[in-house]
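Scroll down for the structure; my scribbles are underneath it.
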There are 2 protein chains.
Amino acid sequence: MTKRGIKDVAQRAGVAVGTVSRVLNEHPSVNADVRARVKAVIAELGYRPDPFARSMRSKVSRLIGIVIPDLTNPFFAELVQCAERAAADHSHNVIFMSSFDDAVKEADRLAQLAGRKVDGIIIVPCNSPHSIKAPKGLPLITVDRLLADHPGVAADNRGGARIAVDYLAKLGHRRIACIAGPAGSRPAEDRLQGYLDVMTTLPQGRAKIEPLFVNAAFDYESGRAAGAFLLARPRDERPTAIFASSDQQAIGCLRAANDLGIPIPAGLSVVGFDGIPLSNLITPRLTTIVQPMAQIAEAAISSLLGRRDMPEVGKPDLFQCELAIRESSAAPLLEPTAVAAR
Amino acid sequence: MTKRGIKDVAQRAGVAVGTVSRVLNEHPSVNADVRARVKAVIAELGYRPDPFARSMRSKVSRLIGIVIPDLTNPFFAELVQCAERAAADHSHNVIFMSSFDDAVKEADRLAQLAGRKVDGIIIVPCNSPHSIKAPKGLPLITVDRLLADHPGVAADNRGGARIAVDYLAKLGHRRIACIAGPAGSRPAEDRLQGYLDVMTTLPQGRAKIEPLFVNAAFDYESGRAAGAFLLARPRDERPTAIFASSDQQAIGCLRAANDLGIPIPAGLSVVGFDGIPLSNLITPRLTTIVQPMAQIAEAAISSLLGRRDMPEVGKPDLFQCELAIRESSAAPLLEPTAVAAR
DNA sequence: CTATAGTTATGAACCGTTTCCAAATGGACA
DNA sequence: TGTCCATTTGGAAACGGTTCATAACTATAG
């Protein structure tokens with residue numbers, strides 16, 4: 001089996017290389033039967049155009065770069081997986097890179113991707129306040145952690161949080177606390193804002209309604225600590241429901257409740273955020289706000305490829321979240337006072 | 001800033017393009033001072049060779065493909081992250097692909113990577129029994145889930161399991177059960193074998209020592225169910241220690257113990273396998289066998305790149321695991337009989 | 001001093017496509 | 001019949017590097 005090039009195809013089909021090239025690229029100006037003949041030969045020879053030769057001339061690499069802070073964060077892992085699938089749908093491949101949440105490494109990765117001449121870059125910027133310099137002429141879009149000076153696409157964090165807290169309120173909860181994310185994180189702040197939105201508009205009943213939140217990192221252990229803190233108060237002041245800003249926090253919070261002997265969901269409702277796979281595997285299965293990751297990834301990819309308008313800078317595309325009601329939430333028990341009155 | 005090519009560098013340095021090329025590729029036959037001068041010009045101009053032009057002629061892409069079944073499995077996520085880092089150390093980039101544990105998709109991904117002319121492929125094959133056809137001439141190495149007909153690199157699963165069970169035995173445990181992985185999975189079987197190795201060589205004391213294991217998928221919920229099963233027996237027959245074949249199983253098992261009111265580690269020791277990040281974040285922090293993921297990834301990459309001998313087919317390179325003693329394990333309480341005799 | 005070998009540098013050919021311009025063909029129309 | 005477009009095809013130039021045969025120069029040996 002000798003190596004086959006476009007020339008072999010052309011010769012065997014009795015046409016010029018240019019014609020074969022046009023067939024390859026679905027160029028309209030080629031006769032139907034010629035096109036068919038060439039395609040037949042291509043199939044027969046099992047010919048595959050060399051992507052390097054192709055990219056060199058055409059300046060299109062069919063490659064998308066994706067840079068994320070840390071793949072061991074299940075949320076980002078899911079994002080990468082969705083992005084790869086979306087890219088594949090547009091017959092692109094994905095070059096993956098990790099920034100380890102380090103602005104210097106991040107800049108380096110970006111430069112590498114530019115050197116690779118990728119067709120676009122998806123980036124979840126690292127947390128340190130910094131500006132990323134997009135290699136100019138190269139479409140770049142931020143995901144999840146939005147930056148003010150770059151186009152972005154993300155979940156509607158504020159709206160999602162509202163849905164969660166609204167749901168808890170409708171269930172009858174009034175003492176709803178919030179484990180907020182780390183200060184300075186854009187998604188964290190949006191989610192907290194959503195929580196506050198609902199809490200401040202809840203009709204004041206007999207019991208005073210006041211927001212109660214505590215900042216914590218997004219991880220499991222921070223969630224546990226925050227949960228322990230919130231639950232360490234007298235029975236009649238203790239929250240009956242907790243909205244956590246990440247599933248990992250929520251899972252940690254579940255553990256904290258468990259340690260205190262508080263039954264879930266009878267004694268405490270917990271709602272998470274993100275919808276990572278783990279949230280549906282634990283016991284009790286976690287009620288959570290699931291981000292439409294597939295949609296987000298698809299939007300990012302098609303924006304980069306120009307098959308969809310790029311979101312305006314400063315006006316990111318937001319995607320609606322959905323509430324997944326599972327086992328960690330329920331209506332609150334009767335108030336202790338009510339019980340006593342019986 | 002006009003686009004700069006190798007010609008501009010050559011001209012500015014007063015040498016021929018061929019010379020610049022040789023400097024670029026660290027070819028020995030170029031004088032030290034010429035080399036220095038050229039390098040200076042390269043730096044000055046910020047020149048970056050076009051990877052496509054380069055690859056087209058040289059047939060080297062500096063690209064590594066990696067195909068894994070599912071990125072939402074934290075173990076694979078860590079693998080991918082390590083592989084990317086290792087590849088970067090050899091100035092290669094990584095094209096990531098997910099097979100969704102589907103043999104058909106897997107074959108397609110492999111073909112795509114071959115088309116991309118990557119320099120090598122790392123693959124964690126999907127579980128269904130099938131043979132993967134490596135595009136010939138393209139180095140391919142399996143990781144973790146080894147295949148009989150391809151070179152592979154993995155953790156020493158059997159040895160790692162031995163370390164875990166040995167540790168539990170030395171702690172004084174005798175009724176040590178095992179949550180084995182799914183039947184048919186190579187790593188699962190090796191770990192089970194390691195467990196059996198130790199159990200069958202333990203000196204028989206007063207109490208009869210007999211292996212006890214149950215198969216379960218590697219995930220959290222399966223581990224919980226398996227744990228519940230193993231712990232649902234009379235107090236004096238119940239295992240005092242459980243070795244799980246994955247951290248996810250172990251974490252599920254922790255939950256099962258918790259549901260039964262069994263304190264950890266006082267009433268039950270649990271040891272996991274893998275060393276995923278989550279294992280160190282939960283409460284209690286999980287004692288586990290950690291796989292040297294960075295080493296494994298590095299070995300895979302450098303084998304692919306020919307900087308290290310490719311493992312022989314049928315004789316995979318195995319890497320020593322390490323025991324991370326944390327909070328989920330301790331010596332067993334006195335036997336109930338002993339307590340009664342007091 | 002010449003022959004021989006060894007080291008560096010040169011520059012043209014080449015890699016496998018895409019792209020562009022020119023040429024061929026065919027039909028409509030005057 | 002001759003002109004003028006529109007459509008389709010051919011063929012060569014480009015893309016930006018690497019590689020290789022060759023030349024130029026040095027050093028060593030005879």
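What you are looking at is a predicted structure, and each value in this text was computed from that prediction instead of being measured. Letters A, B, ... mirror the listed sequences (proteins, then strands); counts begin at 1.
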| query | What does A/K59 touch in the nucleic acid at a heavy-atom separation under 4.0 angstrom: a base, only the sugar-phosphate, or nothing? | reply | sugar-phosphate
| task | Kindly write out the residues that satisfy side-chain contact (heavy atoms from CB on, under 4.5 Å) with B/Q112, not counting sequence neighbours, or none if the list is empty. | result | A/N93, B/M97, B/D108, B/R109
| Any donor-acceptor pair under 3.5 Å linking the side chain of B/N73 with the backbone of B/F75? | yes
| Starting at the 5' end of DNA chain C, which residue's closest nucleotide do you reach first, B/M56 or B/V15? | B/V15
| request: Would you confirm whether B/E106, through its side chain, and B/I132, through its main-chain N or O, come within 3.5 Å as a donor-acceptor pair? | output: no
| Rounded distance (Å) that lies between atom C1' of C/dT10 and atom CG of B/N31 | 15 Å
| query | First and last nucleotide of DNA chain D touching chain B, 5' to 3', heavy-atom cut-off 4.0 Å? | reply | D/dG16 to D/dT19
| said: In this structure, how many angstroms lie between the C1' atom of C/dT17 and the CZ atom of A/R48, rounded? | reply: 16 Å
| said: Is there a side-chain contact between A/V143 and A/L79 in this structure, where contact means two heavy atoms from C-beta onward sitting under 4.5 Å apart? | reply: yes
| Does NZ or CZ of A/R85 fall inside the cone over B/F100's six-membered ring, less than 6.0 Å from its centre and within 45° of the axis? | yes
| request: State whether a side-chain donor-acceptor pair under 3.5 Å links B/R145 with B/S185. | output: no
| note | Between NZ of B/K117 and C1' of C/dC15 the distance, given in whole Å, is 11 Å
| field | Spacing of A/D50 atom CG relative to C/dC14 atom P, expressed in whole Å | value | 18 Å
| message | Distance check needed: C/dT8 P versus B/R35 CZ, whole Å only. | response | 10 Å
| Main-chain N/O of B/F52 paired to B/D50 side chain as donor or acceptor, under 3.5 Å | yes
| task | Assess the side chains of A/E84 and B/S98: does a donor N or O sit below 3.5 Å from an acceptor N or O? | result | no
| note | Its contact letters, B for base, S for sugar-phosphate only and - for none at protein heavy atoms under 4.0 Å, make nucleotides 18-26 of chain C read BBB------
